Amino acid sequence: MSEPSSDKNTVLMEKIVSLCKRRGFIFQSAEIYGGLNGCWDYGPLGAELKRNLKDYWWRKHVQEREDIVGLDGSILTHQAVLKASGHVGGFSDPMCDCLLSKARLRADQIPAQSGTIWWFTGATHAESGWIVTRDYAVLAKEGEDENKARKTARQYYAQFLSDKQISPKTLDLTGERSESVTETTRFNPENGSLLTEPRAFNLMFRTQMGASSDENDENAIAYLRPETAQSIFAQFKNVLDSSRVKLPFGIAQIGKSFRNEINPRNFTFRSREFEQMEIEYFCRPEDGLRLTDEWLEARLKFYEEIGIPREHLHIVDIPDGERAFYSVKTYDIEYEFPFGIQELEGIAYRSDYDLGVHQKGSGKSLEYFDEETKERLLPHVVEPSAGCDRTALALICEAYDEETVTDDKGKEETRVVLRFSPRIAPIKVGVFPLLKNKPELVAKAREVQKLLTPFMNVFYDETAAIGRRYRRQDEVGTPFCVTIDFDTLGENGDDLKDTVTIRERDSMKQERIAIRDLRGYLLDRIL
RNA sequence: GCGGGUAUAGCUUAGUGGUAAAGCCCUAGCCUUCCAAGCUAGUCAUGUGGGUUCGAUUCCCACUACCCGCUCCA
């Protein structure tokens with residue numbers, strides 16, 4: 001994102017958030033109680049949008065393929081599963097932040113140091129009268145000059161200055177005292193600055209299961225899953241034994257996951273509760289890299305089909321050293337959000353790491369027996385893992401458009417349109433009687449509504465002028481609107497009897513179509 | 001987690017230490033033959049909790065949430 005446009009993008013994002021609330025796409029969770037940090041609720045239209053996205057994903061990747069089957073795993077997860085996967089042990093280490101450099105350090109890796117601690121209670125700047133009161137300390141190791149400690153302290157206090165022109169050197173320190181110390185781990189070895197208290201950084205939500213459970217009962221601990229993948233690996237053998245699947249094959253899952261993010265940000269983009277759409281595609285080791293590339297193409301095609309063009313996506317081939325340690329190859333698919341280019345999906349070739357750790361953890365064989373080659377092997381896996389909420393947000397951002405339209409009198413106005421692909425649009429068609437005070441028009445419109453309702457989400461509206469009703473639907477992305485007028489009733493001859501106007505959202509063009517052809521016309525365009 | 005900012009109606013904004021204003025939206029009625037028409041009427045707000053004060057939406061403090069910049073994101 002280029003620097004000059006960032007203000008514009010912030011404004012754009014604010015408009016999108018505002019539209020989402022106004023029209024019932026996305027609300028803040030528990031808003032009437034002040035909101036719950038990092039949690040969001042989908043309103044009536046958002047729920048439809050997200051459902052359409054998930055349904056299309058499921059249809060394309062599970063129902064229309066013979067090689068992928070579905071799974072719907074429990075959210076509460078056995079602690080043994082997450083111990084085996086590395087989620088419990090891996091990132092539960094307490095971390096400290098350096099108060100000066102803001103570096104984050106693992107508490108257990110800070111070397112014990114000895115020397116003199118120089119404590120301060122604050123700093124003042126005589127000339128401006130500026131004052132700060134805040135405890136701080138610097139460790140001067142044996143042989144180090146105490147003036148170095150004071151210099152470090154001035155740098156620390158200087159960060160609170162509102163006037164950045166003031167030199168740290170001109171600050172006077174207050175409340176100085178010193179004490180000698182041995183074997184302390186509370187100071188940054190790099191610069192001697194005091195660290196924050198160690199804090200646990202495991203991002204998993206932990207809970208206790210069972211009526212008699214208490215916090216001290218280790219066996220009662222369960223976790224909300226931090227990703228949907230693990231239940232697929234844990235159920236690998238059951239799926240294999242019950243479904244007659246043959247390599248290569250995939251297990252797909254859509255569901256909620258939970259991470260106690262330090263810092264939720266960017267509307268729904270980074271939430272503490274989020275939904276994933278994941279496939280674990282199992283294969284022979286020699287096919288892994290090829291399939292990773294094939295999945296990348298398949299997923300890009302999917303995004304194209306739901307209305308996110310290739311030009312707005314970025315593919316990042318994660319280089320050696322930046323991938324997770326178990327991954328042989330990883331692509332990130334990123335989207336150009338108004339707040340920056342951010343990840344929608346990761347496609348990771350994870351080798352046999354996952355099945356390996358669960359085989360080891362459970363003591364059960366997770367090997368696959370190949371009938372043709374009479375060979376036993378632990379399959380490798382390619383994982384296309386997409387964020388559902390992120391994709392829904394990308395769909396809204398991509399669809400949002402403001403258009404200047406000029407009416408017959410030459411008056412200009414702004415039309416806000418969500419240009420959703422018809423297949424994911426929350427409402428597929430609006431049905432309107434031209435006038436609401438003509439009972440024949442209303443009755444006919446209700447008939448048309450009833451005709452279409454079993455096949456798609458239809459919205460009936462009879463209030464306000466017809467143009468207003470069109471604009472209302474533009475703003476929520478409804479691709480088609482059908483209007484019942486006097487021609488429909490046969491007032492201008494039998495040729496037009498039982499025909500309606502159908503108005504297309506993007507072009508605002510209208511055409512006349514027989515009611516009996518409506519269903520087919522619409523279904524052709526929304527599937 | 002750190003630093004900065006913000007919080008008034010569904011939305012966008014006024015304003016005030018003493019009855020909180022407008023436009024848009026929405027609802028109802030009248031009217032209305034295809035792109036936010038008109039008239040009339042109506043609903044709805046000072047984020048939460050403290051403090052100062054006779055009185056706080058306004059001043060102060062804390063909290064919560066959101067936004068921006070860092071940080072973090074297995």
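Fair warning: this is a prediction, and the values are worked out from it, not measured in the lab. The sequence lines fix the lettering, A, B, ..., with proteins before strands; numbering per chain opens at 1.
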Run the salt-bridge test on Arg512(A) and Asp495(A) with the 4.0 Å N-O cut-off and return the result as yes or no.
no
Charged N to carboxylate O under 4.0 angstrom, Glu504(A) versus Lys509(A)?
no
Kindly indicate whether a cation-pi arrangement holds for Arg299(A) with Tyr303(A), taking the cut-offs as under 6.0 Å to the six-membered ring centre and within 45° of the axis.
yes
Return the value, rounded to whole Å, for the distance between atom [atom1] of [X] and atom [atom2] of [N].
{"X": "Arg323(A)", "N": "rC73(B)", "atom1": "CZ", "atom2": "P", "value": "18 Å"}
{"X": "Lys444(A)", "N": "rU33(B)", "atom1": "NZ", "atom2": "C1'", "value": "18 Å"}
{"X": "Glu413(A)", "N": "rC24(B)", "atom1": "CD", "atom2": "P", "value": "14 Å"}
{"X": "Asp461(A)", "N": "rC26(B)", "atom1": "CG", "atom2": "P", "value": "9 Å"}
{"X": "Arg512(A)", "N": "rU33(B)", "atom1": "CZ", "atom2": "C1'", "value": "11 Å"}
{"X": "Glu345(A)", "N": "rC73(B)", "atom1": "CD", "atom2": "P", "value": "21 Å"}
{"X": "Arg472(A)", "N": "rC24(B)", "atom1": "CZ", "atom2": "P", "value": "15 Å"}
{"X": "Met508(A)", "N": "rA36(B)", "atom1": "CE", "atom2": "C1'", "value": "12 Å"}

Using a cutoff of under 3.5 Å, can you pull out all pairs of nitrogen or oxygen atoms linking the protein to nucleotides 8-11 of chain B, with atom names and distances?
unit_1	atom_1	unit_2	atom_2	d
rC11(B)	OP1	Lys21(A)	NZ	3.0
rC11(B)	O3'	Ser18(A)	OG	3.3

Taking Asp401(A) for its side chain and Val417(A) for its backbone only, find out whether a donor-acceptor pair lies under 3.5 Å.
no
Can any side-chain N or O of Arg23(A) pair as donor or acceptor with the backbone N or O of Leu45(A) at less than 3.5 Å?
no
Would you call the rings of [X] and [Y] parallel, tilted or perpendicular, where under 30° means parallel and over 60° means perpendicular?
{"X": "Phe337(A)", "Y": "Phe339(A)", "result": "parallel"}
{"X": "Phe233(A)", "Y": "Phe282(A)", "result": "perpendicular"}
{"X": "Phe432(A)", "Y": "Tyr470(A)", "result": "tilted"}

Sequence neighbours excluded, the answer for side-chain contact (heavy atoms from CB on, under 4.5 Å) partners of Glu227(A) is His87(A), Ala229(A), Gln230(A), Arg259(A), Gln276(A), Arg350(A)
Run the ring pair (Phe, Tyr, Trp, His ring centres under 6.0 Å) test on Trp40(A) and Phe267(A) for me, step by step, so that the C-alpha distance in whole Å, both residues' side-chain angles and the decisive distance to 0.1 Å come before the verdict.
CA-CA 8 Å; Trp40(A) 304 89; Phe267(A) 199 28; 4.9 Å; yes
What distance, rounded to whole Å, do you find between the two [atom1] atoms, one in [N] and one in [M]?
{"N": "rU43(B)", "M": "rC25(B)", "atom1": "C1'", "value": "12 Å"}
{"N": "rC34(B)", "M": "rC68(B)", "atom1": "C1'", "value": "45 Å"}
{"N": "rC35(B)", "M": "rC70(B)", "atom1": "P", "value": "48 Å"}
{"N": "rU27(B)", "M": "rG18(B)", "atom1": "P", "value": "37 Å"}
{"N": "rA45(B)", "M": "rA9(B)", "atom1": "P", "value": "9 Å"}
{"N": "rC26(B)", "M": "rG47(B)", "atom1": "C1'", "value": "23 Å"}
{"N": "rA36(B)", "M": "rG50(B)", "atom1": "P", "value": "50 Å"}
{"N": "rU16(B)", "M": "rA22(B)", "atom1": "C1'", "value": "16 Å"}

Counting only heavy atoms not in Asp317(A) (residues, nucleotides, ligands), do more than 12 fall under 6.0 Å from its CG?
yes
Can you name the closest pair of heavy atoms from Met204(A) and Pro226(A) and give their distance?
SD-CG, 3.6 Å
Could you check Arg503(A) against Leu435(A) and say which one's nearest nucleotide on RNA chain B is further toward the 5' end?
Leu435(A)
With a 3.5 Å cut-off and heavy atoms only, can you find an N or O donor on one side and an acceptor on the other between the side chain of Glu261(A) and the base of rC73(B)?
no
For rC35(B), does the base pair up with any side-chain atom of Arg468(A) as donor and acceptor (N or O, under 3.5 Å, distance only)?
no
Using the side-chain heavy atoms of Arg471(A), tell me which of these nucleotides is nearest: rA36(B), rU27(B), rC68(B).
rA36(B)
Given rA28(B), rU33(B), rC68(B), identify the nucleotide with an atom nearest to the side chain of Thr463(A).
rA28(B)
So what is the 5' to 3' dot-bracket string for RNA chain B, if pairs are Watson-Crick or G-U wobble with both distances under 3.5 Å, crossing pairs use [ ] and | means the partner sits on another strand?
(((((((..((((....[..)))).(((((.......)))))....(((((..]....))))))))))))....
So do the side chains of Leu418(A) and Phe25(A) get within less than 4.5 Å of each other, counting heavy atoms only?
yes
Where do Tyr136(A) and Ser193(A) land on the side-chain hydrogen bond (donor to acceptor under 3.5 Å, both in side chains) test, with the steps shown first?
CA-CA 8 Å; Tyr136(A) 182 64; Ser193(A) 170; 2.7 Å; yes
Identify which one of Glu402(A), Glu398(A), Glu403(A), Glu475(A) satisfies the salt bridge (Lys or Arg N to Asp or Glu O under 4.0 Å) criterion when paired with Arg419(A).
Glu403(A)
Look at all strands and tell whether [X] reaches a base, only sugar-phosphate, or nothing, counting heavy atoms closer than 4.0 Å.
{"X": "Arg270(A)", "result": "base"}
{"X": "Arg415(A)", "result": "nothing"}
{"X": "Gln473(A)", "result": "nothing"}

Extract from the structure each pairing of a protein N or O with an N or O of nucleotides 39-43 of chain B at less than 3.5 Å, listing the distance.
none

Under 3.5 Å between N/O atoms: give me all the protein pairs with nucleotides 29-31 of chain B, atom names plus distance.
none

Would you please test Thr463(A) and Arg472(A) for side-chain hydrogen bond (donor to acceptor under 3.5 Å, both in side chains) and show each step?
CA-CA 11 Å; Thr463(A) 64; Arg472(A) 281 175 183 155; 3.1 Å; yes
What nitrogen or oxygen pairs link the protein and nucleotides 61-67 of chain B at under 3.5 Å?
unit_1	atom_1	unit_2	atom_2	d
rU64(B)	O2'	Gly34(A)	O	3.3
rA65(B)	OP1	Asn37(A)	N	3.4
rA65(B)	O4'	Gly34(A)	O	3.0
rA65(B)	O3'	Gln28(A)	NE2	2.8
rA65(B)	O2'	Gln28(A)	OE1	3.4
rA65(B)	O2'	Gln28(A)	NE2	2.4
rC66(B)	OP1	Gly38(A)	N	3.2
rC66(B)	OP2	Asn37(A)	ND2	2.4
rC67(B)	OP1	Phe267(A)	N	2.9

Working note: Glu511(A) + Tyr521(A), criterion side-chain hydrogen bond (donor to acceptor under 3.5 Å, both in side chains); need CA distance, chi angles, decisive distance, verdict.
CA-CA 12 Å; Glu511(A) 59 179 304; Tyr521(A) 178 96; 2.9 Å; yes
Criterion side-chain contact (heavy atoms from CB on, under 4.5 Å) on Ile484(A) and Glu447(A), from CA distance to verdict
CA-CA 10 Å; Ile484(A) 285 74; Glu447(A) 254 178 60; over 6 Å; no
